[in-house]
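Notes follow the structure.
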Amino acid sequence: MHSPDAMPEKSYDAQQIELKWSDRWKNSALFQAEENSSKPKFYVLEMLPYPSGQLHIGHLRNYAIGDALARYKRMRGFNVLHPMGWDAFGLPAENAAIANKRDPYEWTRFNIENMKRQHRRMGFSYDWSREVTTCDPEYYRWNQWFFLKMLERGLAYRKRSLVNWCDECGTVLANEQVVDGCCWRHESTPVEQRAIEQWFLRITHYADELLNSMAELEAGWPERVLLMQRNWIGRSEGAEIDFHLDPAGTPIRVFTTRVDTIYGATCVILAPEHPLVAELTGAAAKAEVKRMIDARAAKGPGDIEKEGIFTGHYAVNPYSNGKIPIWIGNFVLMGYGTGAIMAVPAHDERDFEFCKQYGIPIRPVIRPVDGTLADAATLKESFPDDGILENSGPYSGLASEEARRVMSAKAEKENFGKPAVTFRIKDWGISRQRYWGTPIPVIYCEKCGIVPVPEKDLPVVLPLSIAITGKGRSPLENVPEFMNVKCPKCSGPARRESDTMDTFVDSSWYFYRYCDPHNSTAPFDSKKIAYWFPIDQYIGGIEHAILHLIYSRFWTKVMRDLGLISNGEPATRMFNQGMVIKDGAKMSKSRGNVVSLDEMVEKFGADTGRVFELFAAPPEKEMDWTDSGANGAYGFLSRVYRFVTRNIGNAQPAPGEADKKILRKLHQTLRKVTEDFESRWHFNTSIAALMELMNNLQSMEKQISAPVMAEVLEKMALMLEPFAPYLAEELWEEQGRQGPVFNHPWPAYDAELAREEEAEVVIQVNGKLRGRIYVAFGTPRETLEKLALGDAKVQTLLDGKQVVKVIVVPDKLVNIVVK
RNA sequence: GCGGAUGUGGCGGAAUUGGCAGACGCGCUAGAUUCAGGUUCUAGUUCUCGCAAGGGAGUGGAGGUUCAAGUCCUCUCAUCCGCACCA
């Protein structure tokens with residue numbers, strides 16, 4: 001017979017435990033997804049990281065959430081695909097090459113190795129056999145292949161246009177990469193508009209579908225992301241209408257959503273960059289226009305004073321035949337609609353401001369449905385709502401909505417316009433004048449023009465070890481062995497495209513490659529995609545709401561139309577984790593508040609890091625990293641470890657009341673943790689529940705019988721598995737059980753055992769808590785009322801008062817209302 | 001300006017369905033134990049009045065609905081995020 005302290009308590013040595021298990025997991029295929037499994041599949045994915053070299057604890061959160069889910073789902077019997085890879089192309093590698101003379105390839109490889117080591121040290125359950133690295137020619141050849149397919153279908157095209165240029169990056173940016181007029185990477189570098197020839201992908205072809213199929217995502221994607229995408233796509237229905245010049249000349253086409261107000265148009269306004277401006281202005285005005293464009297560029301976005309120049313020319317309103325002046329206005333955008341508008345000051349706020357400023361007449365033509373037409377002379381503000389048309393020729397008396405339909409139909413019929421839909425989203429410019437990216441597989445031949453690289457010649461391999469200065473045009477231009485080729489058509493001398501692709505191309509489809517990462521004849525086998533897709537849970541930062549998340553939706557639709565896949569959306573559920581905050585700010589090098597992962601792991605251990613990141617706040621909210629908080633998580637794991645090790649195989653008292661209590665707490669905890677996984681992912685409350693269980697265990701340690709203790713210790717390890725896998729595994733082994741823990745089913749809770757024995761019923765007098773009684777569940781209302789009224793303390797409070805009403809909520813509360 | 005989110009102790013947060021506000025953790029206070037060490041254990045910790053029993057107030061603010069409001073409604077303030085001349 002053992003004494004109660006037979007098993008000595010061991011102290012929790014996180015390093016020793018974690019290194020031991022990490023070593024055992026290293027070369028095994030434990031976390032590999034199964035092919036041809038009969039289990040239901042679950043694809044959980046965290047956004048692939050850029051291999052910057054060092055993970056810090058700000059990166060950890062996303063992986064801790066994903067890994068908890070992956071481990072839980074495995075235990076629930078799913079065939080889980082949980083892969084990891086590297087978004088390995090991009091500017092930092094090139095900048096490192098310039099600054100430290102490190103070869104981008106070597107630099108990237110080195111970083112990947114280090115970050116992979118960090119991932120392994122954290123014990124994340126990735127299937128590393130599916131690792132994808134985007135700078136690997138076997139990966140990016142498929143970027144090129146997709147590009148060729150798009151080129152064939154007219155979804156990729158080359159165009160000279162005004163593009164966003166970041167001087168700091170030395171390259172062009174897509175519209176999505178411009179934030180508040182500045183580069184998304186260099187927040188204080190305003191982008192310049194430059195006219196450059198570049199390659200575009202026709203994302204606008206899918207604008208309507210990208211918008212409409214959001215309906216499928218509403219259940220599983222954050223409303224915030226969908227809203228941002230909806231705004232970004234910016235669909236707007238209206239009409240295009242031609243205003244002819246007077247005297248005759250090239251007509252000015254305007255886009256308007258309010259053709260019903262056209263009888264109130266009192267001028268036409270062109271964007272300063274509008275092509276007709278040159279035709280309509282003299283030398284003096286041209287200089288003014290240039291000044292206008294420069295002033296706006298200098299100011300950046302945001303508030304600019306409205307400014308206008310009268311061209312001296314007039315246009316004719318095709319409906320009223322009235323002659324109205326043509327102006328140039330700095331607030332009219334060349335990049336939206338047709339770059340020209342009709343100004344209806346009476347019914348548009350901006351037009352009102354402009355016309356007031358320049359004394360242009362105001363002509364009300366819409367009255368409120370239940371009001372009268374405004375008087376132009378006394379008008380203080382525009383009336384932008386729909387209403388009833390007046391002073392609008394044959395259309396007077398129509399409601400706005402009907403008028404729009406009738407009037408745009410007339411324009412189409414008589415060939416001076418048409419109903420039109422305009423989008424804010426523009427085609428995706430993918431050319432980058434940089435080195436470290438996927439070469440665009442195109443050849444320029446003097447004779448044949450633009451010639452796509454034949455599929456059989458893919459991949460066009462990016463030459464390694466070249467000189468990068470960061471000056472001038474794309475570094476590839478200085479590599480003759482790359483640039484000079486024979487034309488695939490005529491075999492004459494030709495040059496390769498020297499631009500590379502935006503790295504968002506790489507990340508637009510990488511998650512498909514995980515399903516078939518070593519396929520050398522196709523990007524993937526469609527059958528494998530059919531099994532794994534769509535992604536069941538995608539996890540990543542909100543910063544990609546209109547970047548990666550819109551590009552990858554587009555790419556999915558393109559691949560579907562190429563017949564490669566059958567799903568129309570990449571992921572059914574999306575989750576945006578909250579940021580990690582340190583000392584009141586987001587972690588960043590410039591603020592000097594970065595805590596490196598290695599430092600954290602050395603100090604606390606991987607399990608502690610995970611548990612604290614999940615415990616400190618719900619996963620979608622910001623969380624504050626504090627060392628004292630992390631220390632608390634360490635203390636919890638340490639208490640669990642010591643408790644379990646000292647209670648294994650101990651002789652314990654005979655079964656008694658404590659057994660019942662602790663089993664109840666155990667099953668309540670199981671229920672709580674299970675529910676958190678199944679519904680809202682509030683792992684902070686799951687971990688709090690585990691802590692409560694631990695507190696309860698400690699307080700009744702000496703009263704729990706051996707079989708009950710064994711059950712509690714077993715289930716404790718199972719429940720810890722998603723949050724602190726190293727500790728779970730260690731405790732499992734200490735108990736003499738066969739691992740690994742995640743191959744065991746998630747423990748079911750027993751609702752009967754979890755149920756409290758008695759209901760605690762609160763007694764209130766006038767809504768104030770005055771006492772509590774304990775009764776059997778289901779005690780009838782009348783009994784409860786009687787018990788409450790009979791309560792000694794209640795009696796004294798009722799003295800001299802009149803009971804007006806008694807509210808009884810069975811098993812919960814009795815409220816006595818007195819006067 | 002428009003749209004959205006959030007506001008709870010000294011701090012992070014809990015309260016999932018209108019029914020005990022403050023679970024859990026940090027920090028702090030007191031005590032015990034042990035000290036070469038991230039101690040461990042016990043008790044306490046919303047504010048306030050009171051020696052205490054006990055009372056009062058309390059979820060950004062002001063109203064309201066209700067027997068009952070952190071939770072629902074109206075207004076308002078603050079912070080954060082997104083959009084911002086998109087015709």
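All heavy atoms count here, side chains included; hydrogens, waters and symmetry mates do not. Treat the numbers as computed from the prediction; the structure is a model and nothing was measured. Letters A, B, ... mirror the listed sequences (proteins, then strands); counts begin at 1.
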- Query: A:Phe677 and A:Phe683: ring pair (Phe, Tyr, Trp, His ring centres under 6.0 Å), yes or no, with the steps?
  - Reply: CA-CA 8 Å; A:Phe677 266 110; A:Phe683 304 128; 4.9 Å; yes
- Item | Worked check of side-chain hydrogen bond (donor to acceptor under 3.5 Å, both in side chains) between A:Glu620 and A:Asn576 | CA-CA 6 Å; A:Glu620 72 278 8; A:Asn576 302 118; over 6 Å; no
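Side chain of A:Leu813, nearest nucleotide from B:G19, B:A87, B:A84: B:G19. Among the nucleotides B:C85, B:C26, B:C24, the one closest to the side chain of A:Glu692 is B:C24. Listed nucleotides B:C67, B:G27, B:A14 differ in distance to A:Ile807; the shortest reach to its side chain belongs to B:C67. Among the nucleotides B:A87, B:G12, B:G19, the one closest to the side chain of A:Leu333 is B:A87. Closest to the side chain of A:Thr685, out of B:G12, B:C20, B:A15, is B:A15. With distances taken from any side-chain atom of A:Phe615 to the nucleotides B:G3, B:C24, B:G19, the minimum falls on B:C24. Looking at the side chain of A:Lys805, the nearest of the listed nucleotides B:A14, B:C41, B:C67 is B:C67. Nearest nucleotide to the side chain of A:Asp624, out of B:G25, B:G19, B:G12: B:G12. Closest to the side chain of A:Arg680, from the set B:C20, B:C26, B:A14, is B:A14. Which of B:C67, B:G25, B:G13 sits closest to the side chain of A:Ala617 comes down to B:G13.
Applying the Watson-Crick and G-U wobble criteria (two distances, each under 3.5 Å), B:U65 pairs with nothing in any strand. With a cut-off of 3.5 Å on both Watson-Crick or G-U wobble distances, the partner of B:C47 is given as B:G56. In a base pair of the Watson-Crick type (N1 to N3 plus N6-O4 or O6-N4) or a G-U wobble (N1-O2 and O6-N3), with each distance short of 3.5 Å, B:C35 is matched with no nucleotide. Base-pair partner of B:U79: B:A5 (Watson-Crick or G-U wobble, both distances under 3.5 Å). The base-pairing partner of B:U16, taking Watson-Crick or G-U wobble contacts with both distances under 3.5 Å, does not exist among the strands shown.
At a threshold of 4.0 angstrom between heavy atoms, the contacts of A:Val332 include nucleobase atoms, whether or not backbone atoms are also involved. In this structure, A:Asp351 reaches neither bases nor backbone, as no heavy-atom distance under 4.0 Å exists between it and the strands shown. Residue A:Asn684 is in sugar-phosphate contact alone, with no base atom involved, counting any heavy-atom pair closer than 4.0 Å across all strands shown. No engagement by A:Asp348 is indicated, since no non-hydrogen atom pair under 4.0 Å with the nucleic acid exists. Here A:Arg224 lies in heavy-atom contact (under 4.0 Å) with sugar-phosphate atoms only. Within the nucleic acid shown, A:Tyr634 comes within 4.0 Å of at least one base atom, counting heavy atoms only. Residue-level contact check: A:Phe604 touches the bases, meaning some heavy atom is under 4.0 Å from a base atom. Residue contacts shown for A:Gly632 are limited to sugar-phosphate atoms, with no base heavy atom under 4.0 Å away. Backbone-only contact: A:Lys768 has heavy atoms under 4.0 Å from sugar-phosphate atoms and none from a base. Here A:Arg770 lies in heavy-atom contact (under 4.0 Å) with sugar-phosphate atoms only. Residue-level contact check: A:Gln698 touches the backbone only, with heavy atoms under 4.0 Å from sugar-phosphate atoms and none from bases.
OP1 or OP2 of B:A84 lies within a sub-4.0 Å distance of a side-chain N or O belonging to A:Arg424. Close to B:G25, at under 4.0 Å from its OP1 or OP2, lies a side-chain N or O of A:Asn695. At B:U16, none of the side-chain N or O atoms of A:Ser679 fall inside 4.0 Å of OP1 or OP2 (strictly under the cut-off).
As rounded to whole Å, 13 Å separates atom P of B:G7 from atom CD of A:Glu622. Summarising the geometry, the separation between CG on A:Asp583 and P on B:C26 is reported as 19 Å, rounded to the nearest angstrom. Atom CG in A:Leu693 sits about 13 Å away from atom P in B:C24, given to the nearest Å. Atom P of nucleotide B:U17 and atom CG of A:Asp811 are separated by 20 Å, given to the nearest angstrom. Note: CD1 (A:Ile550) to P (B:G82) measures 16 Å, nearest angstrom. At whole-Å resolution of the value, CZ in A:Phe331 and P in B:A87 are 13 Å apart. Taking atom CG of A:Asp13 as the reference point, atom C1' of B:U39 lies 15 Å away to the nearest angstrom. In this structure, A:Glu760 atom CD and B:G19 atom P are separated by 15 Å, rounded to whole Å.
Remark: side-chain polar atoms of A:Ser400 are paired, donor with acceptor, to backbone N or O of A:Gly387 under 3.5 angstrom.
For the C1' atoms, the distance linking B:U8 with B:G1 amounts to 31 Å, nearest Å. B:G18 sits 8 Å from B:C72 when the P atoms are compared, rounded to a whole Å. A gap of 13 Å separates the C1' atoms of B:U45 and B:C26, to the nearest Å. When the P atom is compared between B:U6 and B:U16, the two are found 15 Å apart, to the nearest whole Å. Distance check on atom P: B:U65 versus B:C80 gives 35 Å, rounded to whole Å. Spacing of P atoms, B:U39 relative to B:U29, comes out at 15 Å, to the nearest Å. For B:U71 and B:U59, the C1' atoms lie 10 Å apart once the distance is rounded to whole Å. Straight-line distance between the C1' atoms of B:G10 and B:G64: roughly 34 Å, to the nearest whole Å.
Mapping A:Arg258 and A:Gln15 onto RNA chain B via the closest heavy atom, the residue that lands nearer the 5' end is A:Gln15. Along RNA chain B, the nucleotide nearest to A:Val809 and the one nearest to A:Arg642 differ in position, and the one closer to the 5' end is contacted by A:Val809.
We find the CG-OG1 distance between A:Asp427 and A:Thr204 to be 3.5 Å, quoted to the nearest 0.5 Å. Atom CZ of A:Arg642 and atom CE of A:Met694 lie 8.5 Å apart (nearest 0.5 Å).
A syn orientation is assigned to B:G9, its glycosidic angle lying within 90° of 0.
Ring geometry, A:Tyr358 versus A:Phe354: the interplanar angle falls from 30° to 60°, so the pair is classed tilted. In this pair, A:Trp625 and A:Phe612 present their aromatic rings perpendicular. The plane angle is above 60°, beyond the 30 to 60° band. Taking the six-membered ring where tryptophan is involved, the planes of A:Trp428 and A:Tyr551 are essentially parallel, since the angle between them stays under 30° and well short of 60°.
Environment of CD in A:Glu602: sparse, with no more than 12 heavy atoms of neighbouring residues, nucleotides or ligands closer than 6.0 Å.
In the interface, the side chain of A:Lys306 is paired with the base of B:C85 through a donor and an acceptor atom under 3.5 Å apart.
Ionic pairing of A:Glu622 and A:Lys586 is not present here: no N-O contact between side-chain nitrogen and carboxylate oxygen is shorter than 4.0 angstrom.
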